[in-house]
Amino acid sequence: QVQLVESGGGLVQPGGSLRLSCAASKSIFRIYRMAWYRQAPGKQRELVADISSGSRIYYADSVKGRFTISTDNAKNTVYLQMNSLKPEDTAVYYCYEDGGRWGQGTQVTVSS
């Protein structure tokens, strides 16, 4: 089974940027779908973005135009570039692969 480790979270001011990384323990080349979810305090976990078959991409309306999901198969890593961050983006961000594995999560806090 693949293990997923997220990194790149932190505290950022509104309007700032962060890049999250999700490093997989084995090749992601044959994984059909990789995704980023987030969970804010008191809210359900929600899908932020995913990439399927290496090229089909989905974004939640709330992040469209601000976030970009990408993969680097040579590094077995999935990224989430987050720009123009808003306080409502504050959450724990989780990486997911369609075999059912989750990463441990990384905290993103957007605050002045």
Side-chain angles (χ1 to χ4, degrees):
Q1 288 181 323
V2 63
Q3 305 294 322
L4 304 173
V5 179
E6 300 99 333
S7 61
L11 173 64
V12 63
Q13 292 187 341
S17 297
L18 285 173
R19 189 178 78 158
L20 305 184
S21 299
C22 171
S25 59
K26 57 199 301 186
S27 175
I28 63 172
F29 180 72
R30 297 187 186 278
I31 295 177
Y32 176 71
R33 174 178 175 262
M34 298 287 298
W36 286 97
Y37 287 77
R38 67 185 181 187
Q39 188 166 19
K43 294 188 176 181
Q44 290 187 332
R45 194 170 296 189
E46 63 174 356
L47 176 63
V48 176
D50 69 15
I51 182 165
S52 303
S53 301
S55 61
R56 289 188 300 173
I57 292 176
Y58 163 85
Y59 294 105
D61 287 343
S62 58
V63 307
K64 203 171 292 184
R66 300 188 298 122
F67 290 12
T68 303
I69 188 171
S70 62
T71 60
D72 185 334
N73 290 334
K75 296 183 178 179
N76 297 329
T77 300
V78 181
Y79 300 100
L80 186 68
Q81 177 67 44
M82 306 186 296
N83 299 328
S84 303
L85 283 161
K86 304 176 181 180
E88 51 264 43
D89 295 318
T90 295
V92 179
Y93 284 71
Y94 298 91
C95 183
Y96 174 83
E97 62 88 22
D98 68 350
R101 301 293 291 184
W102 294 90
Q104 83 287 355
T106 185
Q107 176 71 47
V108 172
T109 303
V110 185
S111 175
S112 54

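- Using a 4.0 Å cut-off between charged nitrogen and carboxylate oxygen, D61 and K64 count as a salt-bridge pair.
- Between L20 and T106, the closest heavy-atom pair is CD2-CG2, 4.0 Å.
- I51 and V2 fall within the same hydrophobic cluster, where Ile, Leu, Val, Met, Phe, Trp and Tyr residues are linked whenever their side-chain heavy atoms come under 4.5 Å apart, directly or through other members.
- Screening residues 24-72 for disulfide bond (SG atoms under 2.5 Å apart) gives no qualifying pairs among residues at least two apart or on separate chains.
- Closest approach of P14 to S111, counting heavy atoms only: CD-C, 3.6 Å.
- The salt bridge (charged side-chain N to carboxylate O under 4.0 Å, His left out) search around K43 returns none, not counting sequence neighbours.
- In the hydrophobic cluster analysis, where Ile, Leu, Val, Met, Phe, Trp and Tyr join through side-chain heavy atoms closer than 4.5 angstrom, F67 is grouped apart from L11.
- The list of disulfide bond (SG atoms under 2.5 Å apart) pairs with a residue in residues 19-112, not counting sequence neighbours, reads C22-C95.
- By the criterion of side-chain heavy atoms lying less than 4.5 angstrom apart, applied directly or through intervening Ile, Leu, Val, Met, Phe, Trp or Tyr residues, L85 is grouped together with Y59 in one hydrophobic cluster.
- Side-chain atoms of Q104 come within 3.5 Å of backbone N or O of E6 as a donor-acceptor pair.
- Taking R19 as the reference, nothing meets the side chain to side chain donor-acceptor pair (under 3.5 Å) condition, with sequence neighbours excluded.
- A side-chain hydrogen bond (donor to acceptor under 3.5 Å, both in side chains) check over residues 92-101, counting only residues at least two apart or in different chains, returns the pairs Q1-R101, Q3-R101, R38-Y93.
- M82 is connected to V12 through a chain of hydrophobic side-chain contacts under 4.5 Å among Ile, Leu, Val, Met, Phe, Trp and Tyr, so both are in one cluster.
- The minimum heavy-atom distance linking N76 with I28 is given by the pair OD1-N, 3.6 Å.
- Legend: side-chain hydrogen bond (donor to acceptor under 3.5 Å, both in side chains) pairs involving residues 21-36, not counting sequence neighbours, sorted by first then second residue: Y32-R56, R33-Y37, R33-D50.
- Linking ILVMFWY side-chain heavy atoms closer than 4.5 Å, directly or via other members, places V78 and I57 in a single hydrophobic cluster.
- Side-chain contact check for T90 versus Q107: some heavy-atom pair is nearer than 4.5 Å.
- To the nearest 0.5 Å, the span separating CD on Q81 from CG on L18 amounts to 8.5 Å.
- Considering every non-hydrogen atom in both M34 and L4, the closest pair reads CE-CD2, 4.2 Å.
- Nearest heavy-atom pair across T77 and K75 is OG1-O, 2.8 Å.
- For S84 against S17, the heavy-atom pair with the smallest separation is N-OG, 4.3 Å.
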